[in-house]
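All values derive from a computational prediction rather than experimental measurement.
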Amino acid sequence: MNFICVACGIQHPDSDAPPDACPICEDERQYVPDGGQQWTTLEALRADHSNAIRPQRELTGIGTEPKFAIGQRALLVPYGAGNLLWDCITLLDDDTAAEIERRGGLEAIAISHPHYYSTMVEWAHRFDCPVHLHEADRRWAVREDPALRFWSGGTLDLGHGLTLIRGGGHFAGGTMLHWAGGDALLSGDIVQVIPDRRHVGFMYSYPNLIPLPEARVRAMVAMLEPFSFETIYGAWWDAIVAREGKAVVRRSAERYARALRGEMPPGA
Ligand SMILES: [Zn+2]
Ligand SMILES: [Zn+2]
């Protein structure tokens with residue numbers, strides 16, 4: 001049985017009994033809920049959850065209802081004759097697979113960071129495609145599989161106008177996807193789209209509110225400098241910066257640095 005952590009949604013290696021703990025949730029960037037560690041399985045999840053598939057501006061979002069685990073939605077991005085799945089969700093069922101096949105299927109999967117590793121191996125097997133992960137986060141890929149392809153360095157050109165960019169920060173291998181055809185950055189929660197849509201956030205831990213050093217934020221912005229992007233697609237339903245994405249990132253990094261230096265916003 002491949003047990004799934006109810007708190008973060010990651011699927012663990014085959015075992016007879018549930019694992020003792022989930023390393024993703026024991027890490028200080030996540031948490032074990034008040035009630036303690038709980039486990040489920042893909043079969044159980046299929047019984048009482050389903051996936052919504054709906055437009056996210058120029059892309060298609062896929063997310064689970066009711067919300068499961070962290071609650072991110074994945075995105076289908078045009079890629080060659082088919083699609084690339086950006087980030088991943090735990091629930092994969094026949095309806096979802098059929099709808100993705102109808103839209104051209106998956107040529108590849110790429111994931112921003114371990115909080116969204118979910119059931120990536122199930123997806124890779126179902127669509128017979130690779131999963132691109134940054135090797136700096138390899139130890140968090142608890143269910144090993146030959147479909148997992150670990151890349152290294154700062155960028156990876158996937159072809160067809162898609163480029164993976166290592167931003168680091170939230171995780172050492174924290175990755176974003178540049179989609180040249182859509183003049184867009186898909187940022188997971190490496191660069192976090194926040195409610196005002198005129199800024200983004202940068203954190204080491206979002207649920208536990210641990211900030212990043214200024215140097216890490218500046219390094220992330222520098223990695224994005226060669227790329228043009230108007231739109232930023234974040235990790236949640238409708239978390240989208242529609243305009244001036246690159247200026248939004250630059251402006252937000254400056255605001256972040258000012259706060260770390262002890263400068264309060266006007267009126268504070
Ligand atoms: Zn977990
Ligand atoms: Zn995260």
Side-chain angles (χ1 to χ4, degrees), residues 1-53 61-76 84-101 105-150 171 173 175 188-189 207 235:
M1 186 89 68
N2 290 100
F3 287 94
I4 291 169
C5 171
V6 171
C8 75
I10 198 170
Q11 189 184 47
H12 283 248
D14 186 38
S15 62
D16 293 334
D20 293 335
C22 175
I24 302 274
C25 290
E26 298 276 336
D27 176 65
E28 71 174 345
R29 283 164 284 198
Q30 246 302 101
Y31 57 93
V32 176
D34 213 15
Q37 179 69 52
Q38 289 183 24
W39 302 97
T40 187
T41 62
L42 198 43
E43 292 67 31
L45 194 60
R46 284 170 179 152
D48 53 8
H49 287 70
S50 60
N51 286 335
I53 301 180
I62 308 173
T64 300
E65 295 178 345
K67 175 182 179 255
F68 176 72
I70 295 174
Q72 77 277 9
R73 60 102 178 82
L75 290 165
L76 279 181
L84 177 140
L85 183 71
W86 170 247
D87 278 331
C88 199
I89 59 173
T90 304
L91 177 60
L92 173 60
D93 58 15
D94 288 341
D95 286 349
T96 306
E99 183 58 26
I100 292 172
E101 292 290 7
L106 297 185
E107 300 288 319
I109 299 166
I111 304 180
S112 59
H113 73 296
H115 289 153
Y116 305 155
Y117 282 178
S118 59
T119 54
M120 59 185 174
V121 173
E122 303 281 346
W123 287 78
H125 290 177
R126 175 65 184 73
F127 292 97
D128 192 23
C129 71
V131 185
H132 298 289
L133 306 175
H134 199 282
E135 71 164 10
D137 294 334
R138 188 175 195 137
R139 72 187 178 104
W140 302 106
V142 292
R143 182 180 173 190
E144 294 176 8
D145 192 86
L148 304 184
R149 307 269 174 82
F150 293 93
F171 271 81
T175 296
D189 54 12

What distance separates [X] [atom1] from [Y] [atom2], expressed to the nearest 0.5 Å?
{"X": "Leu76", "Y": "Glu99", "atom1": "CG", "atom2": "CD", "answer": "9.0 Å"}
{"X": "Trp123", "Y": "Leu91", "atom1": "CH2", "atom2": "CG", "answer": "7.5 Å"}
{"X": "Leu133", "Y": "Ile111", "atom1": "CG", "atom2": "CD1", "answer": "5.5 Å"}
{"X": "Leu45", "Y": "Thr40", "atom1": "CG", "atom2": "OG1", "answer": "6.0 Å"}
{"X": "Phe68", "Y": "Cys8", "atom1": "CZ", "atom2": "SG", "answer": "8.5 Å"}
{"X": "Asp14", "Y": "Arg143", "atom1": "CG", "atom2": "CZ", "answer": "8.0 Å"}

Would you mind reporting whether [Y] and [X] have side-chain heavy atoms less than 4.5 Å apart?
{"X": "Val131", "Y": "Tyr117", "answer": "no"}
{"X": "His12", "Y": "Trp39", "answer": "yes"}
{"X": "Ile62", "Y": "Leu85", "answer": "yes"}
{"X": "Gln11", "Y": "Ser118", "answer": "no"}
{"X": "His125", "Y": "Glu122", "answer": "no"}
{"X": "Gln72", "Y": "Ile89", "answer": "yes"}
{"X": "Thr90", "Y": "Thr64", "answer": "no"}

(request) State whether Glu135 and Arg149 are salt-bridged, where the test is any N-O pair (Lys NZ or Arg NE/NH1/NH2 against Asp/Glu carboxylate O) under 4.0 Å. (result) no
(message) Salt bridge or not between Arg138 and Glu144? Use side-chain N to carboxylate O under 4.0 Å.
(response) no
(request) For side-chain contact (heavy atoms from CB on, under 4.5 Å), just list the numbers for Cys129 and Ile109, CA-CA rounded to whole Å, side-chain angles, deciding distance to a tenth of an Å, and then say yes or no. (result) CA-CA 7 Å; Cys129 71; Ile109 299 166; 3.8 Å; yes
Ignoring hydrogens, what is the shortest heavy-atom contact between [X] and [Y]? Give both atom names and the distance.
{"X": "Met120", "Y": "Cys88", "result": "CA-SG, 3.9 Å"}
{"X": "Trp86", "Y": "Thr175", "result": "CH2-O, 3.4 Å"}
{"X": "Cys25", "Y": "Ala7", "result": "SG-CB, 3.8 Å"}
{"X": "Cys22", "Y": "Ile10", "result": "SG-CG2, 3.9 Å"}
{"X": "Glu26", "Y": "Ala21", "result": "OE2-CB, 3.6 Å"}
{"X": "Pro23", "Y": "Val142", "result": "CG-CG1, 3.9 Å"}

(message) Quick one, Arg126 with Glu101, criterion salt bridge (charged side-chain N to carboxylate O under 4.0 Å, His left out). Give me CA distance, side-chain angles, the key distance, then yes/no.
(response) CA-CA 11 Å; Arg126 175 65 184 73; Glu101 292 290 7; 3.3 Å; yes
(request) Check whether any side-chain N or O of Ser15 sits under 3.5 Å from a backbone N or O of Pro18 as a donor-acceptor pair, and report yes or no. (result) no
(message) Atom CG of residue position Asp94 - does it have more than 12 heavy atoms of other residues, nucleotides or ligands inside 6.0 Å?
(response) no
(request) Can you establish whether the number of heavy atoms outside Asp128 located under 6.0 Å from its atom CG is more than 12? (result) no
(message) Set out, in order, the CA-CA distance, both residues' side-chain angles and the distance that settles side-chain contact (heavy atoms from CB on, under 4.5 Å) for Ser112 and Phe171, then state yes or no.
(response) CA-CA 9 Å; Ser112 59; Phe171 271 81; over 6 Å; no
(request) List the steps and the verdict of side-chain contact (heavy atoms from CB on, under 4.5 Å) for Leu106 and Ile100. (result) CA-CA 7 Å; Leu106 297 185; Ile100 292 172; 3.9 Å; yes
(message) Whether the His113 and Asp137 side chains hold a donor-acceptor pair (N or O, under 3.5 Å, no angle test) is what I'd like checked.
(response) no
(message) Whether the His49 and Asp93 side chains hold a donor-acceptor pair (N or O, under 3.5 Å, no angle test) is what I'd like checked.
(response) no
(request) Measure from the ring center of His132 to the ring center of Phe150 and say whether it is less than 6.0 Å. (result) no
(message) Would Leu42 and Asn2 count as a side-chain contact (heavy atoms from CB on, under 4.5 Å) here? Give the steps.
(response) CA-CA 8 Å; Leu42 198 43; Asn2 290 100; over 6 Å; no
